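As the structure lists them, so they are numbered: ligands from 1, and atoms in each ligand from 1. Only a predicted model underlies this, so the values are computations on that prediction, with no experimental measurement involved.
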Amino acid sequence: MPANLMTKKDMKELAAEAAGSAAEGGNPRVKEVTERLLYRVMQVIDECDVTMDEFWAAVGFIAKAAKNNEFGLLVPGVALEHFLDLRLDEADKRAGIGGGTVRTIEGPLYVAGAPLSKGEARMDDGTDPGEVFIISGQVTDEAGRPIPNAIVDIWHANSKGGYSFIDGEQAPYNLRRRIQTGDDGRYLARSIVPNGYGCPPESATRELMGLLGRHAERPAHVHYFVSAPGHRTLTTQFNFTGDKYLHTDFAFGTRDELIVTLDRVTDPAQIRDAGLNRPFARATFDVVLTKETATAPKTVVEREHVIAA
Ligand SMILES: [Fe+2]
């Protein structure tokens, strides 16, 4: 069947009618987006001459992703979560805001309500045989002034690439902590060096990546939400130099400004000073928050989050 069977006018009219554009009532915003979305989907179907079998296979794919609760994975996998970040970067630039730590994706694996402590925290429960990891950093404003009482909410995978609560193998809130910065804006976390991870083997997202000829893996990373009164909440993460998937993250989360180098400490005196009895890794991750103003683009995202029971 040849493509472009329908005229632009036919498709526009059909999309508008389906979106209730001329109908009374409803939500104008939903109507507008629905009309444009439908029109573009119709265009793609027409231009690519999508067959009925292909169309229903796509519907089946979406249904599978929904059944598995995978949209939080699929959205970054097709670069849309990164795209939203790029748009927010652009909005910041237009508002004259710069100088803060760059943002990147939240991903699907945040669990709200992690234990809160002042100044420092141990994030692992001692059962992970991985490499001990000391993360330290300071939260400051754009002028370099320390921000006391900022909340640094950190979460990451274990040495097998699994997340507590999600993988069902770890204690609730393992490797998830909120640390309140001290008067000097500093925080310190003792944890375990995380591993990267991939999409689950049977997931719709991995299936799609296969069809696209892409891998479905993420490099190792550590997620952050950082908030403080009077400042804009930051969603970010850092990655590690030398990671196999550093620049091909399937979720488009890596940003050049957010790559840290692990310092491997083997000197016995330094190990002792750190209160440890074996070599460990350490990294610094400082965070600069921008000031909250009435006109600054919103950075707090209303998004459903689970809370571990
Ligand atoms: Fe992650």
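Qualifying side chain to side chain donor-acceptor pair (under 3.5 Å) partners for Arg122, counting only residues two or more places apart in sequence or in other chains: Asp124. Remark: Pro297 engages Leu88, Ala91, Asp92, Ala95, Ile97, Arg232 in a side-chain contact (heavy atoms from CB on, under 4.5 Å) (not counting sequence neighbours). Checked against side chain to side chain donor-acceptor pair (under 3.5 Å), Asn149 has the following partners two or more places apart in sequence or in another chain: Lys118, Gln180.
Considering Thr248, Thr254, Asp243, Asp249 as possible partners of Arg218, the one that fulfils the side chain to side chain donor-acceptor pair (under 3.5 Å) test is Asp249.
Ring geometry for Tyr110 against Phe225 counts as perpendicular: the plane angle is over 60°, on a 0 to 90° scale with 30° as the lower cut.
Of all protein atoms, those of element N, O or S that lie under 2.8 Å from the Fe ion (ligand 1) number 4.
Between the side chains of His156 and Tyr224, not a single donor N or O lies within less than 3.5 Å of an accepting N or O.
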